Participant: 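I have a structure I would like to understand better, so I am pasting it below and will then ask my questions one at a time.
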Amino acid sequence: MHKKQCGNGVEMKQYEIVIGLEVHVELATKTKIFCSCSTQFGGEPNTHTCPVCTGMPGTLPALNKKVVEYAVAVGLATNCEITRYSRFDRKNYFYPDNSQNYQISQLYLPICKNGGIEIETAEGKKTVGIHEIHMEEDAGKLVHDEKRNCSYVDYNRSGVPLIEIVSEPDMGSADEVIAYLEKLRLIICYLGASDCKLQEGSMRADINLSVREAGVKKLGTRTEMKNLNSFRAIRRAIEGEKERQIALLEEGKKVIQETRRWDDGKGISYPMRSKEDARDYRYFPEPDLAPLVIEEEWLENIRERQPELRDEKMERYAREYDLPEYDISILTSAKKLADIFEAATALCQKPKKVSNWLMVETMRLLREREMDAEELSFSPGHLAGLIELVDGKTISGTVAKEVFEKIFDEDIEPKTYIEEKGLKTVKDESAIKEAVRRVIEENPQPVADYKGGKTKAMGFLTGQAMKAMKGKADPSAINKILLELLS
Amino acid sequence: MANRISAGEMEYAGILAKLSLTPEEQKEAGKDLEQMLNYIDKLNELNTEDIEPMFHVFPVCNVFRNDEARPYEGGRNKILENAPEKREGRFVVPKTVE
Ligand SMILES: [Zn+2]
């Protein structure tokens, strides 16, 4: 709810915002939707192209079965009805990123409709409706050359399969939009249907936003905002557009229905020059593709293959493992993390210890290496092995951190590694005694401090002895010897 | 019954089709389109209630391809062969943004 206060304290009109989202997701198929070209990202320009995806005359599209299965899987996971008899349609427009002069999409009979997902909001749980999900092909990429006054076209992305998930206008704040997107992202990642990376464009959100006076039923005129590639940009764009529309209404002006482009650097949006002014796509049924019939048996088959999704996983973890809610939410925040957790726990039966390694050290290293949790590639068995080595006091906690970093980076086998590197905890008391004695000799001041009653000096001395032992000692053993020698 | 296409509608159709027509050509094409619309009207005389619309001439459905990559044997050179202008493996087109 947006409240504006006048200078003299008179309360002005209250507004609420209404937001619906169109989310495009690139599917994780190996090949394009209508041809056998690779979908791999980052190839040399036009090296993943063929006559089909460059719109050569006389070519025919051939539908990738996996695209349909992913679309249905996402539909089932978002509680949609699956359209048993579905078709493709042609959306006509001229633009160089689209070599056919039409995009094959679905307008009349989209593959999924009437679904919804539950999100957490400040006021509790809320369902955001999903109007429909349809399949379509992505366009090529344009690069503009200011100097030569021309544009370059690369069709590697042309024909990459997309699903467009159209929500109902059920969201009322940036927080709700982000909760919805996060939920959607996790569902799709868990399904393995896409990696859903906003920054890299494998997930793109267009925002339809309108404002209306609080209490008014009728929706206001909406605008559509494009070019949002981070949660931060989405939040800022929503705030910016809300302010802009309210300001217009306050001045007695009208909001114009248009598409706007968000410039995150400048923090403002601009109306986009629509594709040659005409938004008249003249859709018609695609004559080059046969209709799609989803038989009960196929649907059952896809349903059976659905993996456990995050919500179910969280409930199961709470039941099966004695873990704090916070741990569960972190562990399930990426499918890969949850997979490692389950596999390592099955091996060592120590869920809380596995959880700690994943929540603390793994998260730290992911941040340092600027990696995504889905990119984790170490063997859960190596983590379980490491936990056993610490518990059996074969290595100290300090050494364990060092070894874990090696597991994280190179997936080394911890037992072999510590033997090769001689990292086992020294159990030989005389060696520890020797090191402690040296530390006492070399640090007369802290020793005096300790003897003068400054117990804090003990921590320093233990640290020095641990350092002298290169971390290969049990701190409690050092402590015990220190106390002995100093008393 | 007879359809009339206004000059304004013809201009709009020209914009959509990316065609720049001379006034004479617009007139000619307008007449052709009027005839086509008249023909469609004839079809509209038929009673099509309770008849399933036909979207595809062959009684087939579910024609699929498996998700297996196969690079195009012609390669990039073949794809770019007919391009009026190309640079560094890309098609060159008139600038699309202001
Ligand atoms: Zn292709």
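Reminder, nothing fancy here: chain letters follow the sequence lines and each chain counts from 1. Not measured: the values here are computed from a predicted model.
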Participant: Is Glu85(B) in contact with chain A via its backbone, its side chain, both, or neither, using a 4.5 Å heavy-atom distance?
Facilitator: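 No part of it gets close to chain A.
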Participant: Less than 4.5 Å apart, any side-chain heavy atom of Thr31(A) and any of Glu68(B)?
Facilitator: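 Contact flag for Thr31(A)/Glu68(B) side chains = no.
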Participant: Is Ile33(A) close to chain B through its backbone or its side chain, or both, or neither, when contacts mean heavy atoms under 4.5 Å?
Facilitator: backbone
Participant: Is it the case that more than 12 heavy atoms not belonging to Arg282(A) sit under 6.0 Å from its CZ atom?
Facilitator: yes
Participant: For the residue pair Val293(A) and Cys61(B), what are the closest heavy atoms and their distance?
Facilitator: CG2-SG, 3.7 Å
Participant: With a 4.5 Å cut-off on side-chain heavy atoms, are Ser36(A) and Arg65(B) touching?
Facilitator: yes
Participant: Above 12 or not: heavy atoms from other molecules or residues under 6.0 Å from CZ of Arg76(B)?
Facilitator: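 Yes, CZ of Arg76(B) has more than 12 neighbouring heavy atoms, counting only those of other groups under 6.0 Å.
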Participant: Using non-hydrogen atoms and a 4.5 Å limit, figure out which bit of Val68(A) sits close to chain B: side chain, backbone, both or neither.
Facilitator: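 Side chain only.
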Participant: For Pro287(A), which atoms come within 4.5 Å of any heavy atom of chain B: side chain, backbone, both, or neither?
Facilitator: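 When you check distances to chain B, only backbone atoms of Pro287(A) fall under 4.5 Å.
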Participant: Using side-chain heavy atoms (C-beta onward) and a distance below 4.5 Å, is Ile15(B) in contact with Phe94(A)?
Facilitator: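 SC-SC contact between Ile15(B) and Phe94(A) ruled out.
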Participant: Of the backbone (N, CA, C, O) and the side chain (C-beta and beyond), which part of Thr54(A) lies under 4.5 Å from a heavy atom of chain B, both, or neither?
Facilitator: side chain
Participant: Within a radius of less than 6.0 Å around NZ of Lys197(A), do more than 12 heavy atoms belonging to other residues, nucleotides or ligands occur?
Facilitator: yes
Participant: What distance separates Lys141(A) NZ from Arg90(B) CZ, expressed to the nearest 0.5 Å?
Facilitator: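 One finds 12.5 Å between NZ of Lys141(A) and CZ of Arg90(B).
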Participant: Can you tell me if CD on Gln40(A) sees more than 12 non-hydrogen neighbours from other groups inside 6.0 Å?
Facilitator: no
Participant: Counting heavy-atom pairs closer than 4.5 Å to chain B, which one of Pro96(A), Pro45(A), Ala62(A) comes out on top?
Facilitator: Pro45(A)
Participant: Using a 4.5 angstrom heavy-atom cutoff, name the option from Cys37(A), Ser38(A), Pro285(A), Pro51(A) with the most pairs to chain B.
Facilitator: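 Looking at each of Cys37(A), Ser38(A), Pro285(A), Pro51(A) in turn, Pro51(A) comes out on top.
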Participant: Let's test your reading of the structure: which of Arg87(A), Glu286(A), Lys30(A) forms the most heavy-atom pairs below 4.5 Å with chain B?
Facilitator: Arg87(A)
Participant: Quick check against the 3.5 Å criterion: does Asp67(B) have a side-chain atom that pairs as donor or acceptor with the backbone of Lys66(A)?
Facilitator: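 No, the answer is negative, given that no donor and acceptor are paired below the 3.5 Å cut-off.
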Participant: For the residue pair Tyr72(B) and Thr49(A), what are the closest heavy atoms and their distance?
Facilitator: CB-O, 3.4 Å
Participant: Does a sphere of radius 6.0 Å around CD in Glu11(B) hold more than 12 heavy atoms from other residues, nucleotides or ligands, not counting ones at 6.0 Å or beyond?
Facilitator: no
Participant: Sort Tyr155(A) into side chain, backbone, both or neither according to what part of it lies under 4.5 angstrom from a heavy atom of chain B.
Facilitator: side chain
Participant: Flag the pair Glu146(A) / Lys95(B) as yes when at least one side-chain heavy-atom distance between them is below 4.5 Å, and no otherwise.
Facilitator: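 SC-SC contact between Glu146(A) and Lys95(B) confirmed.
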Participant: What heavy-atom pair brings Cys150(A) and Arg87(B) nearest, and what distance separates the two atoms?
Facilitator: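 Nearest heavy atoms, Cys150(A) then Arg87(B): SG-NH1, 4.1 Å.
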Participant: Using a 4.5 Å cut-off on heavy atoms from C-beta on, say whether the side chain of Val92(B) contacts that of Tyr152(A).
Facilitator: yes
Participant: At a 4.5 Å cut-off on heavy atoms, which part of Leu142(A) comes close to chain B: side chain, backbone, both, or neither?
Facilitator: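 When you check distances to chain B, only side chain atoms of Leu142(A) fall under 4.5 Å.
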Participant: Taking the side chain as C-beta and beyond, is there a heavy-atom pair between Leu292(A) and Asn62(B) under 4.5 Å?
Facilitator: yes
Participant: Got a sec: does the CD of Glu297(A) have more than 12 other heavy atoms crowding it under 6.0 Å?
Facilitator: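 12 or below, so no.
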Participant: Could you check whether any side-chain heavy atom of Asn46(A) comes within less than 4.5 Å of a side-chain heavy atom of Phe91(B), counting everything from C-beta outward?
Facilitator: yes
